[in-house]
Asker: 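Pasting a structure below so you can have a look.
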Amino acid sequence: MLVVQKYGGTSVATIERIRAVAERCLETQSQGNDVAVVVSAMAGETNRLLGLAHEIQENGNDREFDVIVSTGEQVSSGLLALAIRAMGGKAQSLLGHQVKILTDSAHARARIRSIDSKALSDCFVAGKIAVIAGFQGIDEHGSITTLGRGGSDTTAVAIAAALKADACEIYTDVSGVFTSDPRIVPTARKIDRISYEEMLELASLGTKVLQIRSVEFGMKYQVPIHVRSSFHREPGTWVVPEEEHMEQVLVSGVTAVRNEAKITIPRVPDVSGVAARLFTPLAAQGIVVDMIIQNASSDGTTDLTFTVPRADRKRAIEILLGEAGDLCSEDRLSYDDAIAKVSVVGMGMRSHAGVARRMFEILAEESINILMISTSEIKISCVIKEKYTELALRALHDGFGLYLPVDKRPAP
Ligand code: ADP
Ligand code: ASP
Ligand code: MG
């Protein structure tokens, strides 16, 4: 068998933890497996490095930022290889360029194009554990790139896909994927098996236990992903193709994101072409608009509200004032950064009505006002005031009975 294991920041936070990881890698190898290990930077290191760079420059989408922040993984991969060798094992560290993780040139958010698995198979032939620095790649010009926060998950799943590994184990500081963030919702339950589709939706809507791109890779190449704890031996959560029983689960998880801002343009003319004129310049500048609502018109005008990434809010308003100044002006346009988007996700929503109604009811019982709503086949999202995020998560989680085993949950 061929196993890829990925250890996150807390799992390699100290030399003692790195020794525990080394033991686990050796144990996996001694069971007859070829082992490729992907490591994150030691906990807190990526933030520390980013902080240094930000003292000099605000914009982080920069070649030199990637040179700086990628070093965290270089250190932990070297340390783990040393620790394995110190225990009598054979190991070799490999940086992104040495595994030829070729990416595009979008610094700080690069996407993997290809991986050359030759260096890894050479390690296996020599009986070595391959210890790969996560998060980093190289572009066609030879510049170091990084894959976005949480990117080591994607390195691991992409390597598992390239090697056609039997499993990709993601070791972290929780026991698996839970029905909600266990740090916020104390009654959250571990999920045993979840489909790629649901996991992708949860990851896109704020569940940071897996990076979105890693789930996309897993789904595309059918890599079985096992999310589990590096602190104990219990099995965690398998992320797998959809199984029949999954459709029975109405709500699998509840999640939230706080990184969006809401912009409202009141009283725009209710005629064709207006939305296109507002959103075309935003798209042209690479600003991703998420939710949009437009009210019914009464006097020939309508209010338009939409959300953008909070980090892009200031730029979005500048673009709108510059490119569509006749439709919006500085004194009319308003924004709100203190919002959160809470979502419930579940395969069963495809075939059951009533989940949205119950969600609105639960939020109403807590007197939480809903500012915007959007739905897709397997999720419902509501924008609320940011200060109610934790309250909403706990209320929705318990309101849908997610603290109970699946077969004991009440109908909505
Ligand atoms: P690592 O450093 O190992 O990559 P992360 O911090 O990226 O770990 O991801 C693990 C964290 O994800 C957990 O500590 C937990 O707080 C958070 N999390 C958020 N939502 C969930 C969820 N539904 N299930 C499990 N963990 C979650
Ligand atoms: N070290 C990087 C981060 O903190 C990548 C990772 O840990 O997955 O985002
Ligand atoms: Mg992570």
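Residues take their numbers from the sequence shown, with the count starting at 1. All values reported here derive from a predicted model rather than from experimental measurement. Note that ligands are numbered from 1 as they come in the structure, with each ligand's atoms numbered from 1 the same way.
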Asker: Tell me whether E365 is salt-bridged to R358, with the criterion being a basic N under 4.0 Å from an acidic carboxylate O.
Answerer: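 Between R358 and E365 there is a salt bridge, with a charged N closer than 4.0 Å to a carboxylate O.
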Asker: Taking side chain as C-beta onward, heavy atoms only, is P241 less than 4.5 Å from Y196?
Answerer: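 Heavy-atom side-chain distance check passes, below 4.5 Å.
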Asker: For atom 3 (O) of ligand 1, what's the nearest protein heavy atom and its distance?
Answerer: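 Checking every protein heavy atom, the shortest distance to atom 3 (O) of ligand 1 gives T172 OG1, 2.7 Å.
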Asker: Could you tell me if any non-hydrogen atom of G134 lies under 4.0 Å from any atom of ligand 2?
Answerer: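 Per 4.0 Å heavy-atom rule, G134 does not contact ligand 2.
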Asker: Show the atoms of ligand 1 that are less than 4.0 angstrom away from any heavy atom in K6.
Answerer: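 Ligand 1 atoms under the 4.0 Å threshold to K6: 4 (O).
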Asker: Checking salt bridge (charged side-chain N to carboxylate O under 4.0 Å, His left out) between D337 and each of R310, R313, K262, which is the one that passes?
Answerer: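 Going through the options one by one, the only one that passes is R313.
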Asker: For H107, which of T146, D66, D139 qualifies under side chain to side chain donor-acceptor pair (under 3.5 Å)?
Answerer: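 The passing option is D66.
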Asker: With a 4.0 Å cut-off, would you call E361 and R357 a salt bridge?
Answerer: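 Answer for the salt bridge query: yes.
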Asker: Which atoms of ligand 1 have any heavy atom of V177 under 4.0 Å away?
Answerer: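 In order of number, 24 (N).
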Asker: At a 4.0 Å threshold, what atoms of ligand 2 neighbour a non-hydrogen atom of T46?
Answerer: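 Atoms satisfying the 4.0 Å criterion: 1 (N), 2 (C), 3 (C), 4 (O).
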Asker: Contact between G9 and ligand 2, counting heavy atoms under 4.0 Å?
Answerer: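 Contact absent.
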Asker: What is the closest protein heavy atom to atom 7 (O) of ligand 2, and at what distance does it sit?
Answerer: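 Among all protein heavy atoms, the one nearest atom 7 (O) of ligand 2 is S40 OG, 2.8 Å.
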Asker: I'd like to know if S11 contacts ligand 1, where contact means a heavy-atom distance under 4.0 Å to any ligand atom.
Answerer: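 S11 does not count as a contact of ligand 1 under the 4.0 Å cut-off.
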Asker: Quick check on contacts: which atoms of ligand 1 are under 4.0 angstrom from a heavy atom of T207?
Answerer: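 Listed by number with element: 20 (N), 21 (C), 22 (C), 23 (N).
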Asker: Give the atom numbers and elements of ligand 1 that come within less than 4.0 Å of a heavy atom of G9.
Answerer: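 Reading through ligand 1 atom by atom, the close ones are 2 (O).
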Asker: Just to check, does S40 reach to within less than 4.0 Å of ligand 1 when the distance is taken from its heavy atoms?
Answerer: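 Contact absent.
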Asker: Considering the options R24, K6, R17, which one meets the side chain to side chain donor-acceptor pair (under 3.5 Å) requirement together with S230?
Answerer: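 Single pass found, and it is R17.
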Asker: Give the residue and atom name of whichever protein heavy atom lies nearest to atom 25 (C) of ligand 1, and the separation in Å to one decimal.
Answerer: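 Answer for atom 25 (C) of ligand 1: G176 O, 3.2 Å.
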Asker: Would you check whether E73 reaches within less than 4.0 Å of ligand 2, judged by its heavy atoms?
Answerer: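 It does, in that a heavy atom of E73 comes within the 4.0 Å cut-off of ligand 2.
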Asker: Could you list which atoms of ligand 1 come closer than 4.0 Å to a heavy atom of V174?
Answerer: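 Heavy-atom distances to V174 below 4.0 Å select 13 (C), 14 (O), 25 (C), 26 (N).
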Asker: When rounded to the nearest 0.5 angstrom, what distance separates CD in Q74 from CZ in F135?
Answerer: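 So the gap between those two atoms works out to 13.5 Å.
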Asker: Among all protein heavy atoms in this structure, tell me which lies nearest to atom 13 (C) of ligand 1, with the distance rounded to 0.1 Å.
Answerer: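 Among all protein heavy atoms, the one nearest atom 13 (C) of ligand 1 is D173 OD1, 3.5 Å.
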Asker: With heavy atoms of R149 as the reference, note each atom of ligand 2 found under 4.0 Å away.
Answerer: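 Selected atoms, number and element: 3 (C), 4 (O), 9 (O).
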Asker: So with a 6.0 Å cut-off around CD of E330, is the heavy-atom count from everything else above 12?
Answerer: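 For E330, atom CD is not crowded (no more than 12 foreign heavy atoms under 6.0 Å).
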Asker: Please determine whether a side-chain nitrogen of the Lys or Arg among K118 and D122 lies less than 4.0 Å from a carboxylate oxygen of the Asp or Glu.
Answerer: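 Salt bridge present between K118 and D122.
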